[in-house]
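Chain letters run A, B, ... following the sequence lines, proteins first and then strands; every chain starts at 1. Bear in mind the structure is a predicted one, so any value in this text is a computation, not a measurement.
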Amino acid sequence: MLDLVNLTKRYHDLTAVDHLNLHLAPGEIFGFIGPNGAGKTTTIKMLATLLRPTEGDALVDGVSVVAKPEQVRSLIGYMPDNFGVYDDVKVWEYLDFFASAYRIPREQRSSLIGDVLALTDLRIKRDAFVEELSRGMKQRLCLAKTLLHDPPLLLLDEPASGLDPRARIEMRELLKQLRRTGKTILISSHILSELADFCTTVGIIEAGRLVASGSVEEIIQQTGLTRTLELRITAGLERVETVLREVEMVRDVVVDADAGTCAVSFAGELDDVADLLKMLLDDGVRVVQAMESASDLEGLFMRVTRGQVA
Amino acid sequence: MANARPRGVNPLLVHSLRQFMRARRKLGQRPLGQWIILLSAAAAYLVSLASWWHLVRPADKGAFSTVVICMMIGLGLMVPGLSAGVFAQERQNGTLDLLLTCPLTNRELVRGKLLGQFLGPLTIVGLALPFLILATPAADAAMLWGATLSTVPPLILALVCLGVYCSARVRSAAGARAVATGVALTFGLLLPMLDAAFCELSHHSEPTWSQIFCPCVSYLGLVGEITEPGLSALGPIFLLVGAVWCFARLELGFDRLVRNTEYSPRRSADA
């Protein structure tokens, strides 16, 4: 669905995006992670045909953003991180304007607007003025506009930025709904726990370069990093460290005797966790809970990046 | 569906019309004080319209030219400022990126915006129309209306083109408005005023105020006092030539001016 081939953007001496290569299969949800100034928005703007690549190309469903930008615009739904709305128009008029701009026939527009308003839970605001909506509602309206022409690829640049926790959760639920429709989504966000929740793959970009990409599992493998396993143990806690130190894949063991927990830094794959747990149980250690650290993506991000900007 | 050939009314024109109508409908939300001001203005307009009937001297074309001059001064001050907000304001509001990622062609974007900017000037012309009809002397009706119709629409078009071009070139809406209004005033007012002053100094003749404020009308013979067109006549000609240049630049250089993508038009046309 999306192929980035040596995609590069230079501004005089500054290289904002440096030979980015990426392949997104149809239905894939790709989380684009990177610090501020890493080149995420520049990459998304190039894909949205708002910036022309200095070098390389990007193909959306086989169509080049450099050679045929007009065709690409029909294939993408773009939601910028900082967008505005028109004053003096109602919600349905706003959507009707974009529907006509996307060349949707007049007779189909009314039902289509109803559908996207229902999906984004804005039906009740159909006749409200756009400027009267809350920030969260405006974000949902922009997403509704993005879905009007049923694009196969969605480019969402920080869709949850500036939202309060409730609006953020609502936005996340909405994105999960979109995942079920089978669309390919490229989403950038600073809130990594949100991306970890529903992205099939992630890409970490720093100083314009993609430093790691793939599923969280694959990135751990590629980079040789460890995953953190948190164990709750009711009996045999004193033996845990001795048993685990003998396992080659275990890098570090931190036991908290008061809490009855143990954090294990582990370089293996997910399947190896089962062997590790079996070994502990065979040794008489009663493991009642085992879970991978929820902030793993954040940890991964911190370890892979060095805080550089383009 | 999304790749269908473009047809029907330009969506940007419909959008502009809708916003224009909404501005009128939002009058209902105004507080009582503003309503009183608006009603007073409407009453003043109607009273002046009624009294005009008694002032009109159908045999004299002075009244007609006075209305045209007032109308054109109003257009000259308002149109560049209004149309200069088109792209710059969208850029400032953050709506431009959404618009530019729609599959609208550059031509549709430019022409839709240009046509949308005619709504304001049309209102001014509409307000002036009753005065103009009442002030038309029967004997010169054909000449006066012919001259007006051949002068006013090109002038509006020129001012709109100038404003929209400035909105594409200058990033801030306020800056674009200042530049567009400045250029319009330079060629429409400043240059003719200098010319009038020069006339006075060289020929010891006193320039008429219509000669000072409305060179376009003077040049086309609506006001008979001017016998030799000087710099005053060049002002509107510069404006018209400049407008054609602005329009051509907008249509052909839209990618560079507004999209900032440096997409080559030839490569884009392949799509």
Side-chain angles (χ1 to χ4, degrees), chain A residues 9 41 44-54 63-90 93-94 96-106 108 112 129-131 138 142 145-146 148-152 155 157, chain B residues 1-27 29 85 89-109 112 116 173 254-256 258-271:
Chain A
K9 182 69 191 176
T41 297
I44 291 178
K45 280 196 167 186
M46 282 192 281
L47 299 178
T49 72
L50 291 170
L51 287 174
R52 188 176 192 268
T54 314
V63 183
S64 161
V65 297
V66 178
K68 297 181 175 178
E70 289 90 348
Q71 278 186 29
V72 169
R73 285 175 201 135
S74 302
L75 298 170
I76 58 162
Y78 171 59
M79 182 174 170
D81 60 340
N82 226 335
F83 67 92
V85 288
Y86 294 107
D87 287 341
D88 294 331
V89 290
K90 292 181 173 180
E93 289 170 340
Y94 179 82
D96 186 69
F97 164 60
F98 279 105
S100 61
Y102 278 104
R103 310 197 194 293
I104 295 166
R106 185 183 291 274
Q108 291 176 20
L112 199 62
F129 280 99
V130 168
E131 69 261 32
K138 281 180 187 168
C142 189
K145 168 250 141 200
T146 306
L148 273 172
H149 58 300
D150 195 21
L155 303 169
D157 194 1
Chain B
M1 185 167 65
N3 290 322
R5 298 287 301 165
R7 59 181 173 176
V9 187
N10 189 307
L12 289 164
L13 181 60
V14 177
H15 183 63
S16 300
L17 190 64
R18 202 173 259 162
Q19 279 186 308
F20 190 75
M21 297 300 286
R22 182 75 70 222
R24 187 175 60 81
R25 280 178 62 179
K26 282 181 90 176
L27 284 174
Q29 296 171 10
Q89 195 68 56
E90 289 231 25
R91 193 180 285 126
Q92 218 162 290
N93 291 349
T95 50
L96 190 63
D97 279 358
L98 297 178
L99 191 63
L100 295 181
T101 48
C102 290
L104 290 168
T105 60
N106 292 350
R107 179 174 288 187
E108 281 175 302
L109 284 165
F254 188 80
D255 282 327
R256 198 174 286 272
V258 181
R259 291 192 193 275
N260 292 322
T261 56
E262 302 148 15
Y263 274 116
S264 147
R266 191 177 294 170
R267 292 182 80 178
S268 299
D270 293 341

(request) Please name all residues satisfying salt bridge (charged side-chain N to carboxylate O under 4.0 Å, His left out) with A:K138, sequence neighbours left out, ordered by chain then number. (result) none
(request) Sort out for me which of B:L96, B:D97, B:N93, B:V14 touches chain A most, counting heavy-atom pairs under 4.5 Å. (result) B:D97
(request) Name the region of A:V72, side chain, backbone, both or neither, that has any atom closer than 4.5 Å to a heavy atom of chain B. (result) neither
(message) Heavy-atom cut-off 4.5 Å, strictly under: side chain, backbone, both or neither for B:L12 against chain A?
(response) both
(request) Inspect the contact between A:D157 and A:K45 and indicate whether a charged nitrogen and a carboxylate oxygen are less than 4.0 angstrom apart. (result) no
(request) Applying side chain to side chain donor-acceptor pair (under 3.5 Å), name anything that partners B:N106, two or more places apart in sequence or on another chain. (result) B:D255, B:R259
(message) Between A:F98 and A:Y94 (judged by ring centroids, cut-off 6.0 Å), do the two rings come close enough to count as a pair?
(response) yes
(request) Heavy-atom distances under 4.5 Å only: say whether B:E90 touches chain A with side chain, backbone, both or neither. (result) side chain
